[in-house]
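Here the structure is laid out as structure tokens; the discussion comes afterwards.
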Number of protein chains: 2
Amino acid sequence: MQQRSEETRKQIVDTAQTLFAQHGYEATSVSEICDAAGLSKGAFYHHFPTKQMLFLELLDNWLDRIDNTLDQSRWEKADIPQAMIHMANTTKGIFQEADGGLPMFLEFWSQARLDPEIWQATIAPYHRYQKYFKLLIKEGIAEGSLKDVNPHLAALMIVSLAIGMLLQYVLDPQGENWGEVATQSMHLLLDGLARREE
Amino acid sequence: MQQRSEETRKQIVDTAQTLFAQHGYEATSVSEICDAAGLSKGAFYHHFPTKQMLFLELLDNWLDRIDNTLDQSRWEKADIPQAMIHMANTTKGIFQEADGGLPMFLEFWSQARLDPEIWQATIAPYHRYQKYFKLLIKEGIAEGSLKDVNPHLAALMIVSLAIGMLLQYVLDPQGENWGEVATQSMHLLLDGLARREE
DNA sequence: CAAAACATACCGACTGGTCGGTTTGATTCT
DNA sequence: AGAATCAAACCGACCAGTCGGTATGTTTTG
């Protein structure tokens with residue numbers, strides 16, 4: 001019993017993931033998901049209270065995968081700048097992890113920005129990343145590998161860069177080798193653009 | 001006669017701008033726009049072929065205003081880094097220029113990303129900005145105020161930063177003084193984060 | 001058998017867009 | 001001047017279809 005139930009649930013999630021990525025959240029109807037999954041609407045609403053809740057599950061899955069990817073590159077590096085560069089390297093994986101699903105997250109979020117409940121679910125992880133990098137930079141300053149910059153500001157910058165690149169990746173996936181761009185950007189950010197007097 | 005027509009058209013555009021910003025693009029129906037504008041659906045479709053086309057007009061208006069804002073800070077420059085910082089200063093104005101309308105652009109774009117025609121209308125200005133900054137950086141390198149970095153890459157970074165901050169501004173307008181953050185970030189980007197051996 | 005799992009038929013609300021008709025205001029004709 | 005004319009501007013009832021969600025029935029499973 002539980003066996004079949006879980007399979008069905010997984011089937012719904014997987015199918016929805018694919019269709020959302022393909023046509024977007026709004027453009028994909030519950031009926032379409034059911035048809036493609038070879039199930040009925042009854043089955044769908046047996047497993048999920050609303051379409052939104054199904055989506056939130058997808059969102060959580062994705063955030064979890066990001067967290068894992070990010071944490072992995074945290075521990076092996078002794079030096080903060082190196083850790084940051086390594087993180088930039090993993091960006092490509094994060095891009096692909098979403099597997100074309102990024103636009104749908106964006107769409108969903110922009111739709112649900114007025115719903116307080118959904119709003120919390122989306123903004124919380126964002127603040128988490130902000131704090132994460134702030135801490136990282138503080139460590140870097142403490143260990144002397146980074147300048148004595150404003151950690152909060154620097155963290156905002158890094159998050160901005162990440163978000164900006166994610167968005168551009170969505171916009172134009174083929175236009176650039178975004179994984180490479182992420183890595184090089186981190187180097188550039190660490191070194192600075194302006195010529196120094198020597 | 002033409003007098004009235006233009007007033008009506010403006011009325012539609014203004015009302016739509018407000019409602020889209022308030023509730024989003026999809027969530028705002030044509031009927032709602034008509035009601036709020038004190039007009040009929042017939043009037044609406046007399047002036048605009050589709051809801052999408054009305055939106056594209058709003059988009060164009062906004063892009064024009066950005067271009068103007070950006071170009072203004074271009075000519076008084078003495079030195080490329082200074083011009084870049086000055087541009088970062090104007091970011092705040094660009095944020096406010098959209099006046100709560102940013103989410104709707106995002107939503108619309110994420111919805112219409114599969115429509116080739118709309119796609120062109122949205123991606124073209126984006127590429128324009130990329131080239132604009134690339135050129136700026138080349139000039140900076142030529143005049144010796146910038147390091148000999150990869151101009152394309154640096155331009156991508158700046159655009160990424162801008163996009164990322166725009167998005168975060170949308171996400172959390174009150175959370176930070178984003179105008180100030182933009183300015184400081186540009187300084188940080190020019191100087192770099194990493195401590196130099198001296 | 002009871003409860004969970006799934007299917008089917010259906011609902012009410014709402015959508016963008018259409019269409020035949022009416023109003024308006026400037027132009028032309030007498 | 002004033003009546004006739006005509007096209008642009010505007011109205012609003014009305015599609016044809018979609019949507020998320022529900023109520024009720026049927027099958028499967030422990």
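In the text below, chain A, chain B and the rest are named by the order of the sequence lines, each starting its count at 1.
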| message | With a 4.5 Å cut-off on side-chain heavy atoms, are A:Asn150 and B:Gln184 touching? | response | no
| Does one side chain, of B:Asp67 or B:Tyr132, offer a donor that lies under 3.5 Å from an acceptor on the other? | no
| Of all the nucleotides listed (D:dC19, D:dT22, C:dG16), which has the minimum atom distance to the side chain of B:Lys51? | C:dG16
| Rounded interatomic separation in angstrom, taking CG from B:Asp35 and P from D:dC11 | 11 Å
| remark: Atom CZ of A:Phe48 and atom C1' of C:dA5 are separated, to the nearest Å, by 14 Å
| request: Report yes if the side chains of A:His152 and A:Lys131 come closer than 4.5 Å at any heavy-atom pair, otherwise no. | output: no
| task | Answer whether the closest heavy-atom distance between the side chains of B:Ile158 and B:Leu136 falls below 4.5 Å. | result | no
| message | Using whole Å, what does the distance between atom C1' of nucleotide D:dG21 and atom CD of A:Gln52 come to? | response | 13 Å
| query | D:dG21 C1' sits how many Å from A:Phe55 CZ, rounded? | reply | 19 Å
| query | B:Glu32 CD to C:dG17 C1': how many Å, rounded? | reply | 16 Å
| note | Atom NE2 of A:His23 and atom P of D:dC19 are separated, to the nearest Å, by 12 Å
| request: Determine, using ring centers only, whether B:Phe105 and B:Phe55 are less than 6.0 Å apart. | output: yes
Give me, pair by pair, the N or O atoms of the protein and of nucleotides 6-9 of chain C that are less than 3.5 Å apart, along with how far apart they are.
from: C:dC6; atom 1: OP1; to: A:Thr8; atom 2: OG1; distance (Å): 2.6
from: C:dC6; atom 1: OP2; to: A:His47; atom 2: NE2; distance (Å): 2.9
from: C:dA7; atom 1: OP2; to: A:Ser40; atom 2: N; distance (Å): 2.8
from: C:dA7; atom 1: OP2; to: A:Ser40; atom 2: OG; distance (Å): 2.9
from: C:dA7; atom 1: O5'; to: A:Ser40; atom 2: OG; distance (Å): 3.4

| said: Taking the basic N atoms (NZ, or NE/NH1/NH2) and the acidic carboxylate oxygens, is any pair closer than 4.0 Å for A:Glu57 and A:Arg9? | reply: yes
| task | Starting at atom CZ of B:Phe44, determine the distance to atom C1' of C:dT15, rounded to an integer number of angstrom. | result | 13 Å
| task | Give the rounded distance in Å between these two atoms: CD of B:Glu26 and P of C:dA13. | result | 21 Å
